[in-house]
Amino acid sequence: MNSFTDTFIRAELISFVHDPGNGDTPKAGSLEHYGDGLLWLKGQHIHAVGHFAELSPSLPKGAEVLDYHDKLIMPGFIDTHVHYVQLDIMASYGRQLLDWLNDYTFPEECRFANHAHAEALSNAFLDEMLRAGTTTAQVFGSSHPGSVDAFFTACQKRQLRMLVGKVLMDRNAPEALMDGASGIADSERLIEDWHGKQRLGYSVTPRFAPTSTKIQMDAAGALLRNDPSLWLQTHLAENSGELDWVAELFPGSRDYLAVYEEAGLVGPRSTFAHGIHLDNGMRKRLADRGANIAFCPSSNLFLGSGLFDREAAKETGMAFTYASDIGAGTDLSGFGTLKAAYQVGQLGGQPLTAWQGFYGLTMGNAKALSLDSHIGQLAPTLEADFVVIDTQATSLLSRRISHCTTLGERLFALMMLADDRAIYETWAGGICQHRRDV
């Protein structure tokens, strides 16, 4: 398919314009829904979206329309925190965070010194991600710059919109993974080579405070000050043992968040994974700086880290996003992330509606990552990243959907019962990047 090709797809279309709120019905104007819709693509972008009956008379004579009238199309799912280098250690026996890092994560990431291995895993990860309906992610590489070169190269070939960064780590890790004096220089080279090229962006990536010296974190902050278009990703307050360790390592800082604040790492393009063990003062400080917490429910449950408090986030105005956190997470599918988020919410008396979930997975995540001018909606001029969902993909899902009488019920059934089998096609950059085998 060349960049000038027009593509016409007839299907049910659902897209969020803004936050639908917490009610059982979405706020007026927050949702665009076309029961019999037409999605008109021009090359990599969306040209028009609307009711099929209204748009079809304006189609070119003899235009071929892909008829997916029995399918549902949404914007592509977005994952704000995931480690591609941990794909092969998913479902490794749980334990707590720090044990899991030492027993599984660090040994696995040592393998990425081999460029051929990094290339193979990059492509395997992207295959899995697209199969799950995710079209954009913010991704951790390993501490090896080649792991990021390999991943960016694979993304560029597929014309994906992707954020990724080389892990910065100069202490409290195996010698083979520590980047010492070269970490910042390698990051600068990667930024020069890849940031802003086609649909790619760079996230400055200190793993977390315990594995970076103050000198390294200050240098990472300098990178952000020198180029405000960069992103920042790291971890914050995931585990109680981690909090104690940070307090020992940084006795002069008032709390864990302050360690990052003092280095200049907290801003509107900053994503902090987890944020479970925060107080409202820390949440307010994050909100004031426009940063977001990546809520990783399946990972938090798997490692027993704790339950994220969505209501406290909302009350303090702190933005949060939805993420898989592979490899501690147990599901690359956005459906799986939302299912786990609902279960975490129920344990805290904070029910998650399907409106909130699918808004978060699409437009909400795009907005928090400052990507909403490119992706997150089915809207003219935006990039043509979307998923074609088969609500009849399994016999159980089909039975449940047949008993639904409202759109809200159908979306909730999808959120709880669907998996990668429900992704019929995944499109990114106006190209069908994945099609289900059967």
Side-chain angles (χ1 to χ4, degrees), residues 9-16 20-27 30-37 39 67-79 128-135 295 297-298 301-302 310 322-324 329-365 378 386-427 434-438:
I9 306 176
R10 183 178 187 175
E12 181 178 7
L13 309 177
I14 293 178
S15 180
F16 289 91
N22 298 324
D24 290 341
T25 57
K27 290 180 180 177
S30 65
L31 174 72
E32 290 188 340
H33 176 226
Y34 303 98
D36 182 12
L39 186 61
D67 188 357
Y68 291 169
H69 68 274
D70 58 343
K71 305 290 193 298
L72 169 64
I73 290 180
M74 287 187 187
F77 300 154
I78 301 167
D79 190 341
E128 292 295 331
M129 192 184 72
L130 292 165
R131 189 168 61 83
T134 300
T135 52
F295 174 25
S298 74
L301 293 171
F302 180 73
R310 288 188 295 110
Y322 293 88
S324 69
T330 55
D331 205 327
L332 268 167
S333 168
F335 297 126
T337 294
L338 295 186
K339 177 180 179 179
Y342 175 81
Q343 294 167 335
V344 167
Q346 286 295 83
L347 290 171
Q350 302 174 5
L352 176 71
T353 68
W355 312 116
Q356 292 171 305
F358 284 111
Y359 164 76
L361 202 61
T362 57
M363 184 57 174
N365 277 4
L378 304 178
F386 57 90
V387 288
V388 181
I389 298 169
D390 179 6
T391 61
Q392 311 296 310
T394 67
S395 58
L396 181 62
L397 180 61
S398 179
R399 287 182 67 88
R400 180 65 189 96
I401 292 289
S402 71
H403 288 86
C404 294
T405 58
T406 67
L407 177 60
E409 287 180 345
R410 285 196 292 136
L411 291 180
F412 187 76
L414 274 176
M415 190 167 94
M416 300 307 293
L417 296 177
D419 55 31
D420 58 277
R421 291 171 292 179
I423 303 299
Y424 182 71
E425 288 180 347
T426 302
W427 290 61
H434 163 78
R435 179 174 290 115
R436 193 181 65 197
D437 291 337
V438 292

Would you name the heavy atoms of [X] and [Y] that are closest together and state the gap between them?
{"X": "Pro297", "Y": "Val344", "answer": "CB-CG2, 4.0 Å"}
{"X": "Ile14", "Y": "Leu72", "answer": "CD1-CD1, 3.4 Å"}
{"X": "Leu417", "Y": "Leu397", "answer": "CB-CD1, 3.9 Å"}
{"X": "Gly408", "Y": "Ala354", "answer": "O-CB, 4.3 Å"}
{"X": "Thr394", "Y": "Arg421", "answer": "CG2-CZ, 3.5 Å"}

Compute the centroid of each ring, for Phe77 and then for Tyr322, and state whether the two points are separated by less than 6.0 Å.
-> no

Would you say the side chain of [Y] lies within less than 4.5 Å of the side chain of [X], judging by non-hydrogen atoms?
{"X": "Ile401", "Y": "Gln392", "answer": "yes"}
{"X": "Leu332", "Y": "Thr134", "answer": "no"}
{"X": "Leu407", "Y": "Trp355", "answer": "yes"}
{"X": "Phe358", "Y": "Phe335", "answer": "yes"}
{"X": "Leu411", "Y": "Met74", "answer": "yes"}
{"X": "Ile9", "Y": "Val388", "answer": "no"}
{"X": "Gln356", "Y": "Arg310", "answer": "yes"}

[atom1]-[atom2] distance between [X] and [Y], expressed to the nearest 0.5 angstrom:
{"X": "Met416", "Y": "Leu338", "atom1": "CE", "atom2": "CG", "result": "9.5 Å"}
{"X": "Asp36", "Y": "Arg10", "atom1": "CG", "atom2": "CZ", "result": "4.0 Å"}
{"X": "Lys71", "Y": "Glu12", "atom1": "NZ", "atom2": "CD", "result": "12.0 Å"}
{"X": "Arg400", "Y": "Phe412", "atom1": "CZ", "atom2": "CZ", "result": "9.0 Å"}
{"X": "His403", "Y": "Glu409", "atom1": "NE2", "atom2": "CD", "result": "11.0 Å"}
{"X": "Ile73", "Y": "Ile389", "atom1": "CD1", "atom2": "CD1", "result": "9.0 Å"}

Give a yes or no answer on whether the side chain of Thr330 reaches the backbone of Ser298 with a donor-acceptor pair at less than 3.5 Å.
-> no

Is atom CZ of Arg436 surrounded by more than 12 heavy atoms (other residues, nucleotides or ligands) closer than 6.0 Å?
-> yes

In this structure, which one of Met415, Gln346, Lys339 forms a side chain to side chain contact (heavy atoms under 4.5 Å, CB included) with Leu352?
-> Met415

Test side-chain hydrogen bond (donor to acceptor under 3.5 Å, both in side chains) applied to Ser324 and Asp79, step by step | CA-CA 6 Å; Ser324 69; Asp79 190 341; 2.5 Å; yes

